[in-house]
Amino acid sequence: MFASAEFLWRVNQEYVNRLTRARNYLDLLEQLMVERGSDDVRHRFLPTLRFTRLHLASLSEEHRDWCYTYFYESPDSKRMVHAPSAVRRALSNFQLMRERQANAFEDVAALLYELPRPASYITHVPNGDLWEMLQRSLRDLVRFNSLAEV
């Protein structure tokens with residue numbers, strides 16, 4: 001594998017990991033709100049969390065489309081591109097997609113930031129606080145710079 005193809009793989013993998021982490025935290029947070037929250041808490045938070053979930057799903061779908069258009073040699077083989085020109089094209093288009101998505105992640109993070117912080121008994125899990133973990137994961141996606149992060 002060429003170094004540039006390896007770099008493309010690492011960039012994509014890191015982005016997928018960050019996006020998946022944010023989506024998982026959001027799903028878990030939504031479950032906790034349903035299970036632990038009062039009617040008032042659910043009424044206040046669930047619409048925004050559901051909107052955010054749909055928005056992240058849309059951004060994941062955009063990434064999936066990028067994969068099938070630029071990352072794979074063909075949709076059928078799902079083999080990653082290796083030709084230097086295809087790798088450059090994939091990286092260039094990835095960077096464009098990432099820049100567009102960074103704005104969307106900023107918007108989603110701002111929506112959550114505007115909400116009052118829910119009580120910690122609702123959002124706390126054994127490995128931390130899902131509210132903080134979700135916000136941190138969204139900041140990681142906003143700040144992701146494919147050239148510097150991998």
Side-chain angles (χ1 to χ4, degrees), residues 1 4-72 75 78-81 86-150:
M1 188 184 306
S4 58
E6 182 179 335
F7 178 73
L8 173 63
W9 182 87
R10 287 193 331 255
V11 164
N12 183 58
Q13 193 62 41
E14 181 64 25
Y15 203 61
V16 167
N17 289 343
R18 290 175 186 222
L19 190 53
T20 301
R21 186 177 310 120
R23 291 183 72 188
N24 287 341
Y25 290 159
L26 180 62
D27 289 345
L28 291 171
L29 183 61
E30 190 174 354
Q31 286 177 346
L32 289 180
M33 291 286 179
V34 169
E35 293 172 7
R36 298 178 181 174
S38 65
D39 287 341
D40 180 55
V41 167
R42 286 191 294 268
H43 179 72
R44 193 171 347 143
F45 289 95
L46 287 180
T48 302
L49 294 179
R50 288 180 178 144
F51 172 81
T52 302
R53 183 173 30 85
L54 292 173
H55 205 62
L56 290 181
S58 171
L59 296 171
S60 292
E61 187 62 31
E62 181 182 4
H63 174 261
R64 183 179 178 277
D65 290 345
W66 169 84
C67 283
Y68 280 100
T69 304
Y70 300 104
F71 187 74
Y72 298 135
K78 292 188 181 177
R79 280 183 36 113
M80 189 183 112
V81 296
V87 169
R88 282 192 304 275
R89 186 171 42 256
L91 282 170
S92 174
N93 282 285
F94 179 88
Q95 192 63 22
L96 292 172
M97 177 194 68
R98 195 223 54 85
E99 289 169 3
R100 278 191 316 274
Q101 288 191 348
N103 293 331
F105 292 129
E106 284 177 2
D107 293 344
V108 167
L111 277 175
L112 293 175
Y113 185 75
E114 290 175 4
L115 288 173
R117 195 204 180 297
S120 62
Y121 74 87
I122 296 172
T123 60
H124 186 75
V125 293
N127 60 335
D129 187 282
L130 277 173
W131 184 257
E132 293 170 4
M133 293 161 67
L134 174 60
Q135 289 185 333
R136 194 169 35 253
S137 69
L138 290 172
R139 279 193 307 271
D140 286 347
L141 282 163
V142 169
R143 294 178 185 158
F144 181 76
N145 180 341
S146 59
L147 301 178
E149 296 285 332
V150 291

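- Within the 4.5 Å cutoff, no side-chain heavy atoms of L26 are placed close to those of H55.
- From Y70, atom OH reaches atom CZ of R88 across 15.0 Å, with rounding to the nearest 0.5 Å.
- The side-chain heavy atoms of L91 and F7, taken from C-beta on, include a pair separated by under 4.5 Å.
- Without hydrogens or angle criteria, R18 side chain to L141 main chain gives no donor-acceptor distance under 3.5 Å.
- Counting only residues at least two apart or on different chains, the salt bridge (Lys or Arg N to Asp or Glu O under 4.0 Å) pairs with a member in residues 99-108 are E62-R100.
- Applying the salt bridge (Lys or Arg N to Asp or Glu O under 4.0 Å) test to every pair with at least one member in residues 51-60, sequence neighbours left out, gives these pairs: E30-R53.
- No side-chain heavy atom of M133 sits less than 4.5 Å from a side-chain heavy atom of R21.
- Once rounded to the nearest 0.5 Å, the distance linking CG of D39 with CZ of R42 reads 4.5 Å.
- Rounding to the nearest 0.5 Å places CG of N12 at 9.5 Å from CG of N17.
- Looking at residues two or more places apart in sequence or on another chain, you find a salt bridge (charged side-chain N to carboxylate O under 4.0 Å, His left out) between R64 and E61.
- Proximity of T123 to M33: side-chain heavy atoms (C-beta onward) are separated by under 4.5 Å at one or more points.
- Considering every non-hydrogen atom in both W131 and L112, the closest pair reads CZ2-O, 3.4 Å.
- The existence of a salt bridge linking R10 and E6 is confirmed by a sub-4.0 Å separation between a basic side-chain nitrogen and an acidic carboxylate oxygen.
- At least one side-chain heavy atom of L8 sits under 4.5 Å from a side-chain heavy atom of F71.
- To the nearest 0.5 angstrom, S120 atom OG is 9.0 Å from E132 atom CD.
- Using a 4.5 Å cut-off on side-chain heavy atoms (C-beta onward), L138 and L56 make contact.
- Ring planes of Y68 and Y72: perpendicular class, angle over 60° (limits at 30 and 60°).
- Taking each heavy atom of G37 and I122 in turn, the nearest pair found is CA-CD1, 4.1 Å.
- Heavy-atom minimum distance, V125 versus L32: CG1-CD1, 3.7 Å.
- Counting only heavy atoms from C-beta outward, the side chains of F105 and D140 never approach each other to under 4.5 Å.
- Side-chain atoms of R36 come within 3.5 Å of backbone atoms of H124 as a donor-acceptor pair (strictly under, hydrogens ignored).
- Between H63 and Y15, the ring planes are tilted. Angles from 30° to 60° get that label.
- Side-chain contact between N93 and T69: absent, with no pair of heavy atoms (C-beta onward) separated by less than 4.5 Å.
- In this structure, the separation between CG on D65 and OG on S60 is 11.0 Å, given to the nearest 0.5 Å.
- Of the possible donor and acceptor atoms, one in the side chain of T52 sits under 3.5 Å from a partner among the backbone N and O of T48.
- When each of M97, Q101, R98 is checked for a side chain to side chain contact (heavy atoms under 4.5 Å, CB included) with W66, only M97 meets the rule.
- When every heavy atom of L134 is checked against every heavy atom of Y25, the shortest pair comes out as N-CD1, 3.9 Å.
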